[in-house]
Student: 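Below are the structure tokens for one structure; questions will follow.
All values derive from a computational prediction rather than experimental measurement. Order of listing sets the numbers, starting from 1, for every ligand and every atom in it.
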Amino acid sequence: IKPAFQMWPWQYWAEHRPAEVAVALGDANADAVTWNWIEVTANIEKYAQRLVAQGVKRDQLVAVVAPNSIEVLWLLLAIIRVGARYVGLNPKLPLNALTEQLTALNNDYIWCDNSELAAELAGETLSLMPEVTSERLIPVMWQEHRPVSLTLTSGSTGLPKAVVHNAQSHLASARGLLKQMTFTADDSWLLSLPLFHISGLAIVWRWLYRGASIVVVAPELQQQALQWVTHASLVPTQLQRFLNSDYVQQHKLKQVLLGGATIPVSLTTAAQQAGIECWSGYGMTEMASTITAKRANSSAGVGTVLPHRELILRDGEICVRGNVLCLGYYRNKTIFSLLGCDDDDDWFATKDLGEWHDDELFIRGRADNMFISGGENVQPEDIEQVLLQHPAVNQVIVLPMTDQEFGARPVAILTTSETLDNYLMDKLASYMSQHVAPYKRPIRYITLPEKFTQNVKISRADLAQWLATQE
Ligand code: 4YB
């Protein structure tokens with residue numbers, strides 16, 4: 001595909017849309033500080049100078065441990081500008097997990113907005129406000145093929161993998177999605193997901209690709225800020241919370257992109273009734289976010305394959321490739337291919353199970369979540385999808401629990417719209433007995449603790465550990 005830009009994207013927009021608002025920082029009074037494309041370009045240069053003054057060089061790795069903020073956005077762009085690589089880490093992780101991840105990354109620099117945490121994390125810390133005595137020429141040109149970001153993604157076991165992308169694949173991702181969704185230069189996309197997750201980074205690249213505006217707010221203003229934008233990316237629980245809030249009464253949202261987990265049809269239907277057009281997507285870090293998408297409708301599928309991606313099923317497993325595929329996984333300062341040993345096979349096997357129905361893809365779950373109960377194969381996501389159709393169920397994860405007789409049996413851990421008392425548990429049990437075979441009926445219903453719903457997605461591994469302490 002032809003390159004999207006011949007120069008830094010912000011520089012391109014500074015030439016073509018110089019005075020248009022590019023970045024807006026919203027506050028609690030719904031006032032916004034804004035930067036146009038000329039100012040954005042100048043700001044990135046300023047932050048890049050500060051990085052250079054502290055020794056940051058091309059191909060080095062800068063780790064950022066912070067929640068979303070305008071500083072993190074400037075930093076991300078400045079890191080790219082100096083030819084270095086950005087990696088974001090979840091600041092809410094416990095210290096030992098952060099230390100473990102940083103050790104594996106072997107990063108050159110770290111930036112952390114919390115000085116106490118910064119002091120505990122080993123490594124050379126960066127300041128965003130150093131004295132810059134003499135401005136230097138930064139001899140790095142825009143090159144689409146230069147690696148720009150590492151994105152951590154957790155599998156079911158072990159340390160998260162660091163997925164390396166160049167600008168080309170991020171932009172191909174944006175370009176393909178925006179062939180389907182309408183996002184014009186006059187629209188605004190809320191930075192509604194973290195910049196340490198692919199869903200947050202993808203917002204930045206759609207904004208850069210289109211020359212539109214991006215809206216940044218403090219995490220506690222996220223719900224309110226959905227009133228101020230035309231576009232947002234949300235995981236299903238974020239949309240559910242917005243629909244339950246008063247803010248939904250007044251909004252100007254044109255389109256909301258959903259993804260990251262099973263998207264209940266009841267949720268998109270309710271959003272539609274509140275005047276929000278939803279898009280259901282299926283994506284993953286390795287593919288720079290969305291792979292398939294559609295305008296939400298009455299089917300629970302995730303639509304068709306977007307441009308610049310390819311997808312096939314092999315024995316039910318989803319395999320993908322295309323311009324959006326990452327360069328590989330980063331370990332020991334080296335990028336390793338994520339493909340198997342067969343050189344002729346350039347498909348990436350995702351471990352997601354899928355089915356085609358009428359040219360639409362349906363996600364059945366992850367192969368590695370499957371367990372065996374009394375000789376029957378149980379795919380937890382099958383059970384989750386049935387439970388999600390019950391009006392009282394908002395969110396549910398099904399996990400195996402060890403059982404003397406059956407080896408393992410399903411347990412449902414859930415959030416509900418009414419109290420999960422014996423009465424509701426009986427109702428759920430009788431609902432399940434009408435809808436699924438006996439071996440698929442959860443033997444217990446447990447309320448999902450708040451702490452698991454704070455992240456982009458619920459970690460099944462963390463939840464299983466917690467469940468083991470609940471006997
Ligand atoms: C799904 C799934 C689905 C992923 N049904 N399982 O920009 C976007 O596309 C976006 C917008 C809003 C919210 C999230 C996104 C994302 O990027 C999500 C990408 C993501 O979750 N990446 S991940 O690497 O953290 O996890 C990927 C895995 O998540 C997949 O391999 C699937 O197992 C699961 N998943 N979308 C059911 N619609």
Side-chain angles (χ1 to χ4, degrees), residues 88 90 150-156 160-163 165 170 173-174 176-178 180-181 183 189-207 209 226 231-240 242 255-265 267-268 271 278-294 296 299-303 306 309 311 317-320 324-326 329 338 348-355 360-370 379-382 384-385 388 395-397 455-461:
N90 183 350
L150 275 61
T151 313
L152 296 173
T153 182
S154 329
S156 44
K161 297 181 182 109
V163 177
H165 281 286
H170 283 301
S173 168
L177 179 80
L178 298 184
Q180 313 271 312
M181 276 179 82
F183 178 54
W189 203 304
L190 180 65
L191 184 59
S192 43
L193 282 157
L195 286 170
F196 53 78
H197 192 264
I198 197 65
S199 53
L201 284 182
I203 297 171
V204 171
W205 290 97
R206 288 172 202 139
W207 160 64
Y209 179 74
L226 284 166
H231 289 72
S233 305
L234 302 176
V235 292
T237 47
Q238 284 175 301
L239 178 58
Q240 179 73 60
F242 182 62
Q255 294 178 321
V256 166
L257 178 61
L258 298 167
T262 306
I263 304 157
V265 172
L267 177 64
T268 52
C278 293
W279 284 69
S280 302
Y282 158 69
M284 71 183 61
T285 309
E286 284 84 348
M287 292 288 276
S289 78
T290 336
I291 304 166
T292 72
K294 66 159 185 187
S299 114
V302 288
L306 295 169
R309 296 86 163 143
L311 187 154
E317 184 181 13
I318 297 174
C319 296
V320 290
V324 298
L325 186 63
C326 63
Y329 297 128
L338 72 180
F348 169 57
T350 64
K351 293 204 172 76
D352 285 329
L353 303 172
E355 279 168 15
E360 179 175 10
L361 183 70
F362 285 70
I363 310 296
R364 293 293 312 277
R366 285 191 67 78
D368 44 12
N369 288 342
M370 204 266 286
Q379 188 68 47
E381 292 94 336
D382 274 353
E384 292 165 11
Q385 274 172 21
L388 278 173
Q395 209 180 356
V396 56
I397 298 277
N455 289 326
V456 177
K457 65 176 81 181
I458 300 171
S459 155
R460 281 179 197 265

Student: Heavy atom under 4.0 Å from ligand 1: found in L234's side chain, backbone, both, or neither?
Tutor: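 The answer is the backbone of L234.
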Student: So is I263 polar-close to ligand 1, meaning N/O to N/O under 3.5 Å?
Tutor: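 Not met; the criterion fails.
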Student: Could you name the option among K457, E384, M284, R364 that has the heavy atom nearest to atom 29 (O) of ligand 1?
Tutor: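 Nearest option to atom 29 (O) of ligand 1, by heavy atoms: K457.
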Student: Closer than 3.5 angstrom, by distance alone: can the side chain of S173 be matched with the main-chain N or O of A288 as a donor-acceptor pair?
Tutor: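 Yes; judged by distance alone, with no hydrogens or angles, the pair exists.
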Student: Which atom names give the shortest non-hydrogen contact between L361 and G354, and what distance separates them?
Tutor: CD1-CA, 4.4 Å
Student: Angle class for the W189/F183 ring planes (parallel below 30°, perpendicular above 60°, tilted otherwise)?
Tutor: perpendicular
Student: Measure R366 to ligand 1 on non-hydrogen atoms and call it side chain, backbone, both or neither using the 4.0 Å cut-off.
Tutor: side chain
Student: Give a yes or no answer on whether the side chain of K294 reaches the backbone of S280 with a donor-acceptor pair at less than 3.5 Å.
Tutor: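 No; zero donor-acceptor contacts below 3.5 Å.
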Student: Within the side chain of Q385, is there an N or O that forms a donor-acceptor pair under 3.5 Å with the backbone of D382?
Tutor: no
Student: Looking at M287, H170, M284, which hits side chain to side chain contact (heavy atoms under 4.5 Å, CB included) with I198?
Tutor: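 For I198, the side chain to side chain contact (heavy atoms under 4.5 Å, CB included) check succeeds only for H170.
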Student: What atoms of ligand 1 come within less than 4.0 Å of a heavy atom belonging to L193?
Tutor: 12 (C), 13 (C)
Student: Can any side-chain N or O of E317 pair as donor or acceptor with the backbone N or O of L353 at less than 3.5 Å?
Tutor: no
Student: Between ligand 1 and T350, can you find any atom pair, the residue atom being a heavy atom, that is separated by under 4.0 Å?
Tutor: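 No, T350 has no heavy atom closer than 4.0 Å to ligand 1.
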Student: Just going by heavy-atom distances, which of A367, G259, G283 is nearest to atom 4 (C) of ligand 1?
Tutor: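 Minimum heavy-atom distance to atom 4 (C) of ligand 1 goes to G283.
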Student: For R366 and E381, what are the C-alpha separation, side-chain angles and deciding distance, and is it a salt bridge (charged side-chain N to carboxylate O under 4.0 Å, His left out)?
Tutor: CA-CA 8 Å; R366 285 191 67 78; E381 292 94 336; over 6 Å; no
Student: Using modelled atom types and a 3.5 Å cut-off, is there a donor and acceptor pairing between side-chain atoms of T292 and backbone atoms of V302?
Tutor: yes
Student: If you measure from each non-hydrogen atom of D352 to ligand 1, which part falls under 4.0 Å: side chain, backbone, both or neither?
Tutor: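 For D352, the contact with ligand 1 is made by the side chain alone.
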Student: Please assess S299 against E360 for the test side chain to side chain donor-acceptor pair (under 3.5 Å), listing each intermediate value before the final yes or no.
Tutor: CA-CA 9 Å; S299 114; E360 179 175 10; 2.9 Å; yes
Student: Which is it for I363 and ligand 1 at heavy atoms under 4.0 Å: side chain, backbone, both or neither?
Tutor: side chain
Student: Taking atom 35 (N) of ligand 1 as the point of reference, which of G260, P160, S192 owns the nearest heavy atom?
Tutor: G260
Student: What atoms of ligand 1 come within less than 4.0 Å of a heavy atom belonging to T153?
Tutor: 24 (O)
Student: With only distance considered, is E286 within less than 3.5 Å of ligand 1 through an N or O on each side?
Tutor: no
Student: Short N/O distance, under 3.5 Å, between H197 and ligand 1?
Tutor: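 Yes, at least one N or O pair falls under 3.5 Å.
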Student: For ligand 1, is Q385 a contact, meaning one of its heavy atoms is under 4.0 Å away?
Tutor: no
Student: Name the option, out of T151, T262, I203, that contains the heavy atom nearest to atom 37 (C) of ligand 1.
Tutor: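 Nearest heavy atom to atom 37 (C) of ligand 1 lies in T262.
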Student: Any idea which protein heavy atom is nearest atom 24 (O) of ligand 1, and the distance to it?
Tutor: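 That would be T285 OG1, 2.6 Å.
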Student: At a 4.0 Å threshold, what atoms of ligand 1 neighbour a non-hydrogen atom of L258?
Tutor: 12 (C)
Student: For S233, is there any backbone N or O sitting under 3.5 Å from a side-chain donor or acceptor partner on S192?
Tutor: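 Yes; judged by distance alone, with no hydrogens or angles, the pair exists.
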Student: Please list, in number order, the atoms of ligand 1 under 4.0 Å from a heavy atom of V302.
Tutor: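 Answer, ordered by atom number: 38 (N).
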Student: If you measure from atom 16 (C) of ligand 1 to every heavy atom of G354, S199, A261, which option wins on shortest distance?
Tutor: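 When every heavy atom of G354, S199, A261 is considered, S199 comes closest to atom 16 (C) of ligand 1.
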Student: What is the nearest protein non-hydrogen atom to atom 38 (N) of ligand 1, stated with its residue, atom name and distance?
Tutor: G281 O, 2.8 Å
Student: Can you find an N/O atom of T290 closer than 3.5 Å to an N/O atom of ligand 1?
Tutor: yes
Student: Quick one: nearest non-hydrogen protein atom to atom 7 (O) of ligand 1, plus distance?
Tutor: R206 NH2, 2.8 Å
Student: At less than 4.0 angstrom from any non-hydrogen atom of S233, what atoms of ligand 1 do you find?
Tutor: 11 (C), 12 (C)
Student: Considering all heavy atoms of both residues, which atom of L190 and which atom of A232 are nearest to each other, and what is their separation?
Tutor: CB-CB, 4.4 Å
Student: Between atom OG of S289 and atom CZ of R309, what is the distance when rounded to the nearest 0.5 Å?
Tutor: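 Reported to 0.5 Å precision, the distance equals 6.5 Å.
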Student: In this structure, does ligand 1 have an atom that sits under 4.0 Å from one of the heavy atoms of L177?
Tutor: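 Contact absent.
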Student: If you apply the rule side chain to side chain donor-acceptor pair (under 3.5 Å), what do you find for K161 with T285, and how did you get there?
Tutor: CA-CA 10 Å; K161 297 181 182 109; T285 309; over 6 Å; no
